[in-house]
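Everything on this sheet refers to the single structure shown next.
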Amino acid sequence: MKRALLRLSTLIASIILFACSERDSNEFNIQDFGAIPDGSTVNTEAIQMAILKAIETKGTVIIPKGRFYTGSFTLGPNMTLYLEEGAELIASSRMNDYTTKSFIFAPNTDNLIIKGKGKINGNGESFFNEHWDYDKRPQPWILIQDAKNISVSGITLINSPSHCLVFDFCENVKVDSLTIKNHPRSPNTDGIDITNSKNVLITNCNISTGDDAICIKNKTGSKYFENPWQNRSKYTEDILVKNCILESDDAAIKLGTGSAFHTRNCEFQDITIKNSRYGIALFMMDGGIYSDINFRNITIETGGRQKDEYGIFMDTHRRDSISEIGIIKNVNFKDIDITTNGLLYFSGYPEKEISEISLENIKVTIPEADNTITAGWEKPKGNRKIKYWNNTVSYVQSPGSMIVAHAKDFKIKNLTIHHQQGKMDRHGMYLIGVKGLDTANVKGNTLNKESFVFTKR
């Protein structure tokens, strides 16, 4: 009996040893390749060597506890980058330590996993002066491109010097429990950008940025590709964002301005938005299509340092004076609670209306209503480089808290707009050229003698 137990224990020990050796054979700790966790030694070579071994074995690169300073590196397919709790990758502040445009570049990286409880620090403020201007910077900061089956989870991304995490022409992407924190003054530091990508799930993220928190784009091509774009997807579709907390110096949730082809089947639900210039913004600029977009169970509080703010902003504009006007249709808002001193704005063009827009169970609270708020406002374009044209239409200075212009089949059910206090010569709703308006249980107040609803043909 003792011999049998001895043989059994020996067998178990052998199995455990074999399992450990199998596990360890494709796990590569960067310190084994010479990385030094002092926060100042450049560890690029050690990290890249560990990555190459992981690519060869479909293995895992381990970033252990400690502060590892590094230049840019490139990830590969079928590998995992794992940051242990207490681990911090610190991006170099010197551009000569960057061999690619991005700090982390991941091209053609099918089956890539980035996970853990550690932190990646972009050292962003070292690229800006006291006025938040920059000369050169890595851009975008983390770029995953032309890849399928991507997972990013658990880690914290801070101090990005540019667009933080970009998925460019990707498919089957999962982002979960990610924290992104950038300085609110840092320019172009979008949290997550999704461009011409499909089947993307973003859940349980906490994002605070100097630019758009989550941005959905569709472009004629990628400025990051050297090869022609025509062989790649023209669609951005099947996007689900839920259970997130978002804060932005610009738009918490944004579609555009890149809008060349078709963005469709996007769902945003169970989201808290705070202290953002725009809660939800749809910028149609490039003659494409937004369709089948749904927003549900979202709390929005606008604010920040900008002079203008919008609980919801939906607009068509031309990137140049002769470009085609894009299409916005079948966009639905349900169970939305908005607190703003600004506007809700929905506008198409007289020759091409926005259509099939619905609002259901919408509560709007305006704490301090002031008729001078919009006097100096110009219609936002979503990008400083885009101009106003002779054929631009703009209604942001109209005297209404909710402005709807050049729309058809616009449905409203259970909408309340409550002006709490202030001096206001504004209507609750200001309608311009709206066709097929269908309303039920729309109510609210004004603070002077204005009608709650004003219609202009």
Side-chain angles (χ1 to χ4, degrees), residues 215-220 234 236 250-251 253-264 266 278-295 308 310-333 342-359 374 376-412 426-427 429-439 453-457:
C215 188
I216 314 297
K217 302 180 182 182
N218 187 286
K219 298 184 177 182
T220 55
K234 295 182 180 180
T236 302
D250 207 55
I253 299 172
K254 178 179 177 181
L255 275 66
T257 58
S259 49
F261 292 113
H262 201 159
T263 297
R264 63 188 182 187
C266 298
Y278 308 88
I280 298 168
L282 287 79
F283 289 91
M284 170 55 68
M285 296 284 165
D286 299 312
I289 303 172
Y290 293 151
S291 75
D292 307 295
I293 314 294
N294 298 305
F295 302 90
D308 57 349
Y310 297 82
I312 300 173
F313 181 87
M314 177 189 296
D315 183 63
T316 54
H317 188 76
R318 290 180 167 100
R319 193 172 291 271
D320 58 63
S321 61
I322 59 173
S323 63
E324 184 179 352
I325 302 170
I327 295 170
I328 301 178
K329 65 179 182 179
N330 193 18
V331 182
N332 307 292
F333 303 85
L343 304 177
L344 277 67
Y345 185 86
F346 306 83
S347 177
Y349 267 77
E351 61 267 42
K352 186 173 286 186
E353 299 107 328
I354 58 175
S355 65
E356 302 172 62
I357 313 300
S358 74
L359 284 73
T374 63
W377 290 14
E378 292 184 322
K379 184 182 78 168
K381 309 180 301 309
N383 189 311
R384 293 178 182 177
K385 296 179 181 179
I386 299 171
K387 299 179 180 180
Y388 298 103
W389 314 105
N390 291 333
N391 52 12
T392 293
V393 295
S394 174
Y395 303 99
V396 298
Q397 295 185 18
S398 301
S401 293
M402 176 176 165
I403 299 165
V404 183
H406 307 305
K408 63 180 180 180
D409 300 327
F410 200 99
K411 297 181 180 181
I412 305 173
R426 284 195 289 172
H427 305 275
M429 295 176 59
Y430 195 93
L431 309 177
I432 305 164
V434 180
K435 303 173 183 177
L437 179 65
D438 183 358
T439 65
V453 178
F454 178 87
T455 301
K456 181 178 181 181
R457 300 298 177 186

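The structure displayed is predicted, hence computed values, not measured ones.
- If you take CD1 on I253 and CD1 on I280, they are separated by 5.0 Å, rounding to the nearest 0.5 Å.
- Contact annotation: the side chain of P380 approaches that of Y310 to within less than 4.5 Å [non-hydrogen atoms, C-beta and beyond].
- In this structure, A407 and V404 approach most closely via the heavy-atom pair CB-CG1, 3.9 Å.
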Next item on the list: Decide side-chain contact (heavy atoms from CB on, under 4.5 Å) for R426 and L343; before the verdict, give the C-alpha distance in whole Å, the side-chain angles of both, and the deciding distance to 0.1 Å.
Entry: CA-CA 11 Å; R426 284 195 289 172; L343 304 177; 3.4 Å; yes
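- When atom types are taken as modelled, the side chain of H427 and the backbone of M402 share no donor-acceptor pair closer than 3.5 angstrom.
- For the pair K456 and Y430, the NZ or CZ position fails the cation-pi test of under 6.0 Å to the six-membered ring centre and within 45 degrees of the ring normal.
- With hydrogens and angles ignored, the 3.5 Å screen pairs a side-chain donor or acceptor of Q397 with a backbone N or O of W377.
- Using modelled atom types, one side-chain atom of N218 and one backbone atom of F261 make a donor-acceptor pair closer than 3.5 Å.
- Once rounded to the nearest 0.5 Å, the distance linking CG of L282 with OH of Y345 reads 13.5 Å.
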Checklist line | Residues Y349, H406; criterion side-chain contact (heavy atoms from CB on, under 4.5 Å); working and verdict | finding: CA-CA 6 Å; Y349 267 77; H406 307 305; 5.7 Å; no
Next item on the list: Apply the test side-chain contact (heavy atoms from CB on, under 4.5 Å) to residues T236 and K217: give CA-CA distance (whole Å), side-chain angles for both, the deciding distance (0.1 Å), then the verdict.
Entry: CA-CA 7 Å; T236 302; K217 302 180 182 182; 6.0 Å; no
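- Rounding to the nearest 0.5 Å places CZ of R264 at 8.5 Å from CG of D292.
- No hydrogens or angles considered: a donor-acceptor pair under 3.5 Å links the side chains of N332 and S358.
- In this structure, the side chains of T439 and F410 stay at 4.5 Å or more apart for every pair of heavy atoms.
- A pairwise comparison of heavy atoms in K379 and V393 identifies NZ-O, 2.9 Å as the closest pair.
- In this structure a side-chain-to-backbone donor-acceptor pair under 3.5 Å is present from S398 to Y395.
- More than 12 non-hydrogen atoms from other residues, nucleotides or ligands lie less than 6.0 angstrom from NZ of K352.
- Taking every heavy atom of both residues into account, C215 and G256 meet most closely at SG-O, 3.1 Å.
- One finds the CZ atom of F333 at 9.5 Å from the CG atom of N294 (value rounded to the nearest 0.5 Å).
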Next item on the list: Begin from the C-alpha positions of F346 and I328 and carry the test side-chain contact (heavy atoms from CB on, under 4.5 Å) through to its verdict.
Entry: CA-CA 10 Å; F346 306 83; I328 301 178; over 6 Å; no
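- Pairing each heavy atom of L437 with each of L431, the nearest pair is CD2-CD1, 3.5 Å.
- Looking only at distances, no side-chain donor or acceptor of D308 sits under 3.5 Å from a matching main-chain atom of G342.
- From L359, atom CG reaches atom CD1 of I412 across 6.0 Å, with rounding to the nearest 0.5 Å.
- A donor-acceptor pair under 3.5 Å is absent between the side-chain atoms of R319 and the main chain of M285, judged by distance alone.
- At least one donor-acceptor pair under 3.5 Å links the side chain of Y290 to the backbone N or O of F283.
- Taking each heavy atom of V331 and F295 in turn, the nearest pair found is CG1-CE1, 3.9 Å.
- For the pair T316 (side chain) and M284 (backbone), a donor-acceptor distance under 3.5 Å is absent.
- Note that the CG atom of D409 and the NZ atom of K435 stand 10.0 Å from one another [nearest 0.5 Å].
- N383 contributes a side-chain N or O that, together with a main-chain N or O of K385, makes up a donor-acceptor pair within less than 3.5 Å.
- Within the 4.5 Å cutoff, side-chain heavy atoms of I325 are placed close to those of R318.
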